[in-house]
Amino acid sequence: MILISSYKNIKERVQCTLQEPELLSGALIDVAKHLGNLKFKVWEKMLGVVQYTPVVLDPNTARASLSLSDDLTTVRFTGTEQKYPDNPERFKPCVNVLGSEGFTSGKHSWEVKVGNISDWDIGVVKESISRKGEITASPKRGFWVLTLRNGDKYSAVGVTDLTLKRKPQSIRVQLHYDRGEVSFFDSSDMSLIYTFKGTFTERVFPFFSPCLEEDGRNDGPLQICPVKVSITVSCQ
């Protein structure tokens with residue numbers, strides 16, 4: 001009986017009744033602060049975690065010995081033939097790949113990180129270029145391409161050799177379809193490297209080649225760089 005009596009006393013002491021918090025007179029939840037422009041605020045925060053790349057690669061055009069990253073922004077030569085279908089769009093044997101989207105008007109630009117690899121081709125080509133066999137590149141054949149060979153020999157392919165003051169780590173390609181211009185810049189200071197001028201008569205595509213890797217030389221990728229996305233608000 002003593003034990004039961006003690007238990008009842010303890011139980012009464014520890015029990016308490018919780019009261020609802022008392023709101024101050026006139027105090028309201030700031031609904032507008034938390035819910036106003038909610039979709040816009042979510043989108044604005046997403047800009048810090050998502051990336052946009054103006055050009056992505058087309059796996060259906062890539063030579064079978066090229067490896068593309070999962071997000072289709074990086075290409076490197078592996079030397080290993082992968083089991084891809086030999087479709088008409090695919091380059092063979094040249095180690096090339098095209099961007100996934102072609103252009104028939106407007107102004108477009110993208111930046112390619114080339115790093116310190118010794119050989120690469122970057123530029124724009126017309127849709128109807130040859131994809132099979134050996135290819136001779138020149139503007140007359142639909143190639144507006146900048147090349148590097150042996151680490152220091154630059155050229156506007158099919159036109160002229162070029163002398164650069166320094167070795168660019170990344171190249172900006174700028175296409176102005178309506179003017180018939182393809183320009184190349186050193187991304188570090190936007191100094192002009194070369195501009196092709198002509199007339200486009202069909203769809204053109206971004207063009208990339210990391211070239212061959214031999215004896216450990218030229219072992220590196222070409223990477224299309226993401227661009228910074230911003231929000232502009234205007235009142236109409």
Side-chain angles (χ1 to χ4, degrees), residues 50-104 108-151 155 157-158 169-173 175 177 182 184 196 200-227:
V50 299
Q51 289 186 330
Y52 170 73
T53 307
V55 170
V56 294
L57 304 171
D58 182 359
N60 293 329
T61 66
R63 174 73 170 99
S65 57
L66 294 178
S67 174
L68 308 186
S69 61
D70 292 339
D71 62 0
L72 303 178
T73 63
T74 301
V75 56
R76 69 164 61 238
F77 175 75
T78 65
T80 302
E81 291 291 315
Q82 303 175 75
K83 294 182 179 180
Y84 292 152
D86 188 16
N87 50 299
E89 300 84 4
R90 192 176 305 282
F91 287 97
K92 183 181 180 181
C94 293
V95 288
N96 305 330
V97 61
L98 300 183
S100 63
E101 180 183 1
F103 308 109
T104 57
H108 311 272
S109 65
W110 55 96
E111 185 173 315
V112 185
K113 183 179 179 180
V114 297
N116 290 313
I117 63 175
S118 60
D119 299 75
W120 47 256
D121 301 347
I122 297 170
V124 172
V125 298
K126 65 181 183 180
E127 186 172 21
S128 63
I129 62 168
S130 175
R131 311 289 178 94
K132 308 299 182 182
E134 297 298 326
I135 297 174
T136 300
S138 70
K140 291 183 179 180
R141 295 175 180 268
F143 290 79
W144 298 272
V145 175
L146 187 72
T147 70
L148 171 65
R149 294 293 182 270
N150 299 319
S155 68
V157 69
Q169 294 296 297
S170 60
I171 304 289
R172 178 176 291 274
V173 184
L175 164 68
Y177 188 97
V182 181
F184 300 87
F196 289 96
F200 301 127
T201 58
E202 62 179 89
R203 189 180 303 273
V204 297
F205 286 82
F207 173 86
F208 309 87
S209 175
C211 297
L212 301 176
E213 182 270 323
E214 298 178 353
D215 300 325
R217 187 178 63 86
N218 201 46
D219 182 19
L222 295 178
Q223 179 182 2
I224 305 167
C225 302
V227 298

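Just the heavy atoms: all of them, side chains too, but no hydrogens, waters or symmetry mates, feed the values below. We number each residue from 1, following the sequence as shown.
Side-chain contact between I135 and N96: present, with at least one pair of heavy atoms (C-beta onward) separated by less than 4.5 Å. No side-chain heavy atom of K126 sits less than 4.5 Å from a side-chain heavy atom of R203. Using a 4.5 Å cut-off on side-chain heavy atoms (C-beta onward), E101 and V55 make no contact. Counting heavy atoms from C-beta on, the side chains of V125 and V145 come closer than 4.5 Å. Side-chain contact check for E127 versus F205: some heavy-atom pair is nearer than 4.5 Å. Residues L72 and P59 have side chains in contact (heavy-atom distance under 4.5 Å, counting atoms from C-beta outward). Contact of the L66 side chain with the F77 side chain is registered, since non-hydrogen atoms from C-beta on lie closer than 4.5 Å. In this structure, the side chains of V182 and F200 come closer than 4.5 Å at one or more pairs of heavy atoms.
Side chains of S65 and T78: a donor-acceptor N/O pair is absent below 3.5 angstrom, by distance only.
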**Q.** Check against side-chain hydrogen bond (donor to acceptor under 3.5 Å, both in side chains), Q223 and T73
**A.** CA-CA 6 Å; Q223 179 182 2; T73 63; 5.1 Å; no

Q: Apply side-chain contact (heavy atoms from CB on, under 4.5 Å) to the pair I171 and W120, showing each step before the final yes or no.
A: CA-CA 11 Å; I171 304 289; W120 47 256; 4.1 Å; yes

Q. Stepwise, does the side-chain contact (heavy atoms from CB on, under 4.5 Å) test hold for R90 with K132?
A. CA-CA 8 Å; R90 192 176 305 282; K132 308 299 182 182; 4.0 Å; yes

Q | Derivation of the side-chain contact (heavy atoms from CB on, under 4.5 Å) call for L148 and D119 | A | CA-CA 5 Å; L148 171 65; D119 299 75; 5.9 Å; no

Q.
For a side-chain contact (heavy atoms from CB on, under 4.5 Å) check, start with the C-alpha distance between I122 and V114, then their side-chain angles and the critical distance, and finish with the verdict.
A. CA-CA 10 Å; I122 297 170; V114 297; 3.5 Å; yes

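More than 12 heavy-atom neighbours from other residues, nucleotides or ligands sit within 6.0 angstrom of CZ on R131.
The cationic atom of R63 (NZ for Lys, CZ for Arg) does not lie both less than 6.0 Å from the six-membered ring centre of F91 and within 45° of the ring axis.
Scanning both residues, N116 and Q169, for their nearest heavy atoms gives OD1-NE2, 3.1 Å. Scanning all heavy atoms of the two residues, the minimum distance from W110 to F208 falls at NE1-CZ, 3.9 Å. Of all non-hydrogen atoms in C225 and P54, the two that sit nearest each other are O-CD, 3.8 Å. Residues A64 and E81 approach most closely at CB-OE1, 3.4 Å, considering heavy atoms. Taking all atoms of both residues into account, the shortest heavy-atom contact from D121 to F207 is CB-CE2, 3.8 Å. Across all non-hydrogen atoms, the minimal contact from S155 to T147 is OG-OG1, 2.6 Å.
In this structure, CG in N60 is found 5.5 Å from CG in N87, a value given to the nearest 0.5 Å. Considering CG of L57 and CG of L222, their distance stands at 9.0 Å, rounded to 0.5 Å. Between the CG atom of N150 and the OG atom of S118 there is a distance of 7.0 Å, given to the nearest 0.5 Å. With rounding to the nearest 0.5 angstrom, the OG1 atom of T136 is 12.0 Å from the CD1 atom of I129. Note: S69 OG to R76 CZ = 10.0 Å, rounded to the nearest 0.5 Å. Between E202 atom CD and T104 atom OG1 the span is 11.0 Å, to the nearest 0.5 Å.
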